[in-house]
Amino acid sequence: MTLQDADANDAGFGARIRSAIFWRSGSQILSQMMSWVVTLAVIRLLDPKDYGLFAMTQVILNFATFLNGYGLVSALVQSDKVEPHRLRQAFTIMLLLNGALALLQLAIAPLAADYYAQPMVADLLRVQALLYLSTPFISVPEAIMGRALDFKRPALVNLIAAIASAAMALTGALSGWGVWTLVWAPIAGFWVKAVGYVIATGFKPVPSFDFRGTGAMVAYGASLLGGQLFWIVQSQADIFIGGRVLEPHQLGLYAEALFLTQIFVSKFVPPLNDVAFPAYARMQKDVSRVAWSFCKAVKLLLLLTCPIYLGMAVTAEPLVETLFGQKWLEMAPFVAILALAMPFMTLQVMFAPVSNALGRPGTTARVAAVGAVLMPVAFLIGIQFGAIGLAWAWLAAFPVLTGVTAWLAGGPMGLRFADLIRAAAPGLGCAVLMAGVVMIVDRLLPPLAAPARLGILVPAGGLAFLAALMLCARGTVRELVALVVRRAPPVQAPA
């Protein structure tokens, strides 16, 4: 292969990556915008207690989900080639695993209700078992499209599923379903997505009970289980610990503050990681290229997200009152604290697809093991101060976890701390300057209604951030513009 051919291949691969990011993230943004409008309407109709009860069920759901077989899907994406028979084998294993999980949840539902001293938790968990049965029909078609970096078709299906989920949520809230609104909405979305993915890929969901040759696939999936289990312990420890101590009202305030501050890291970073995993997997023979690409991703993502996180922190009170209403105003202190921890979480979760793509799922497991010890200890200390102590535990512990992650996961790709700090500095530094300006403006404002106050602070923050960028990080702005606005290469004259 000539150098010119290699350049052409790189350009073609880069174009596919940009297209994948456009469809995966673009559809996610569109569906999330629609979902947020409905969510805000639903939150205003429901009570914090409803969200507290729902959060208690999510601990059980998320804890069981680590066994749902998604590691097998990662093995399909990472492997060199996938035969139709292998897809049917993976589908069958997923069907058996998730059917068993549904039965297990039915069995433990009464025990969970007893632990939380909330009898209704058992009824909620029994219905939520329907979610597991949709997983096989989603995961295997997702692997087919992920390998091809085809995110256009799933983007359209995800949008339709989001509409179905939003319609169910709005119907339930207006009909007085209470907490059941939060149960049936995701079930509708998951099953619409399952049907849509099968139709979009043409995958025939026919089981194959011939499991010969699945050893490597199962081993790879099993190697990811440790990391997933530790991640579940880390991410669900706060609700598990707080749910037994706090009333549903206080737990609901904390849970929704966490939901609000994690919107970007939980809704927008995973789609980018979905694209990053197969992209990094193709670069795995060139480790220096992986490190360079990772630093660029960190720089650009923090440039986009840090002003949002710090903006949430300094405008928490008018933000909560405007979006959620007066009855949720107690949530503002939680938002102000949790938002400051989110830049660290955004950076931390970006390491997993790199380690997995380089064939090092053990690194992801070790990082998750550290988090599974560090975060629960922090929450056990924090709960002594009530629900607000859980928020402070995030801010105290997550920077430490991010540093450990960079040390463990950065080494195999030759990433230095200095490179990581340089990549994070433009977004974080300019966002800190912006937050300072917003605080000063807020102090100078006379008493105003929350929407009016927010309407002044948000533009002030945006202008301050842009000014900081132009003064301190003009080169980073040029990189972002170059990524979004791709110019065609100049046409060379024939020799």
Side-chain angles (χ1 to χ4, degrees), residues 32 34-62 109 112-128 131 165-189 236 238-263 266-267 312 316-339 383 385-391 449-451 454:
Q32 283 303 316
M34 177 185 60
S35 176
W36 289 338
V37 172
V38 175
T39 298
L40 292 177
V42 169
I43 286 176
R44 287 175 173 271
L45 293 169
L46 301 184
D47 295 321
K49 179 181 178 181
D50 296 324
Y51 286 90
L53 290 169
F54 181 69
M56 293 175 186
T57 67
Q58 293 307 287
V59 173
I60 309 300
L61 281 169
N62 290 327
D114 289 342
Y115 173 81
Y116 291 118
Q118 298 290 337
M120 195 173 187
V121 168
D123 296 330
L124 299 175
L125 284 171
R126 292 187 183 104
V127 175
Q128 287 171 321
L131 290 168
S165 180
M168 181 67 75
L170 202 55
T171 299
L174 293 172
S175 302
W177 293 359
V179 68
W180 287 105
T181 302
L182 306 176
V183 172
W184 284 110
I187 290 175
Q236 300 302 309
D238 52 352
I239 302 296
F240 185 76
I241 293 169
R244 191 171 174 85
V245 176
L246 303 172
E247 291 296 321
H249 177 84
Q250 284 293 313
L251 187 64
L253 293 172
Y254 166 79
E256 285 310 288
L258 193 61
F259 162 77
L260 178 62
T261 54
Q262 284 187 341
I263 280 177
S266 64
K267 300 300 183 182
M312 281 186 180
E317 187 177 312
L319 178 68
V320 169
E321 187 174 352
T322 301
L323 296 181
F324 292 77
Q326 279 273 340
K327 67 179 178 181
W328 287 90
L329 199 52
E330 296 174 83
M331 194 175 87
F334 297 96
V335 172
I337 298 168
L338 289 167
I383 196 62
F385 304 94
I388 199 69
L390 296 178
L454 191 64

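For this chain, numbers begin at 1 and follow the sequence in order.
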Any donor-acceptor pair under 3.5 Å linking the side chain of [X] with the backbone of [Y]?
{"X": "Tyr115", "Y": "Phe240", "result": "yes"}
{"X": "Ser165", "Y": "Ala185", "result": "yes"}
{"X": "Thr322", "Y": "Leu319", "result": "no"}
{"X": "Arg44", "Y": "Leu323", "result": "yes"}

(request) Dump the intermediate steps for side chain to side chain contact (heavy atoms under 4.5 Å, CB included) on Asp47 and Lys327, then the final yes or no. (result) CA-CA 8 Å; Asp47 295 321; Lys327 67 179 178 181; 3.3 Å; yes

Search all heavy atoms of [X] against all heavy atoms of [Y] and return the closest pair with its distance.
{"X": "Ala257", "Y": "Val335", "value": "CB-CG2, 3.8 Å"}
{"X": "Val38", "Y": "Ala169", "value": "CG1-CB, 4.1 Å"}
{"X": "Ala332", "Y": "Val320", "value": "CA-CG2, 4.0 Å"}
{"X": "Gly242", "Y": "Leu251", "value": "C-CD1, 4.2 Å"}
{"X": "Ala391", "Y": "Ile337", "value": "O-CG2, 3.5 Å"}
{"X": "Ala173", "Y": "Leu45", "value": "CB-CD1, 3.6 Å"}

Is there a side-chain contact between [X] and [Y], using heavy atoms and a 4.5 Å cut-off?
{"X": "Glu247", "Y": "Lys49", "value": "no"}
{"X": "Ile239", "Y": "Gln58", "value": "no"}
{"X": "Met331", "Y": "Leu260", "value": "yes"}
{"X": "Asp238", "Y": "Tyr254", "value": "yes"}
{"X": "Met56", "Y": "Pro248", "value": "yes"}

(request) From the options Leu124, Val127, Val179, select the one residue that forms a side chain to side chain contact (heavy atoms under 4.5 Å, CB included) with Thr57. (result) Leu124

(message) Under the side chain to side chain contact (heavy atoms under 4.5 Å, CB included) test against Leu182, which residue among Leu53, Leu46, Thr39 passes?
(response) Leu46

Can you tell me how far [atom2] of [Y] sits from [atom1] of [X], rounded to the nearest 0.5 angstrom?
{"X": "Ile60", "Y": "Leu125", "atom1": "CD1", "atom2": "CG", "value": "6.0 Å"}
{"X": "Leu258", "Y": "Leu253", "atom1": "CG", "atom2": "CG", "value": "12.5 Å"}
{"X": "Leu338", "Y": "Phe259", "atom1": "CG", "atom2": "CZ", "value": "13.5 Å"}
{"X": "Met120", "Y": "Trp180", "atom1": "CE", "atom2": "CH2", "value": "5.5 Å"}
{"X": "Gln250", "Y": "Leu390", "atom1": "CD", "atom2": "CG", "value": "10.5 Å"}
{"X": "Thr261", "Y": "Glu256", "atom1": "OG1", "atom2": "CD", "value": "10.5 Å"}

Please enumerate all residues that pass ring-ring contact (aromatic ring centres under 6.0 Å, His included) together with [X], with sequence neighbours excluded.
{"X": "Phe385", "answer": "none"}
{"X": "Tyr116", "answer": "none"}
{"X": "Tyr51", "answer": "Trp328"}

(message) Just checking Phe324: does its CZ atom have more than 12 heavy atoms from other residues, nucleotides or ligands closer to it than 6.0 angstrom?
(response) yes

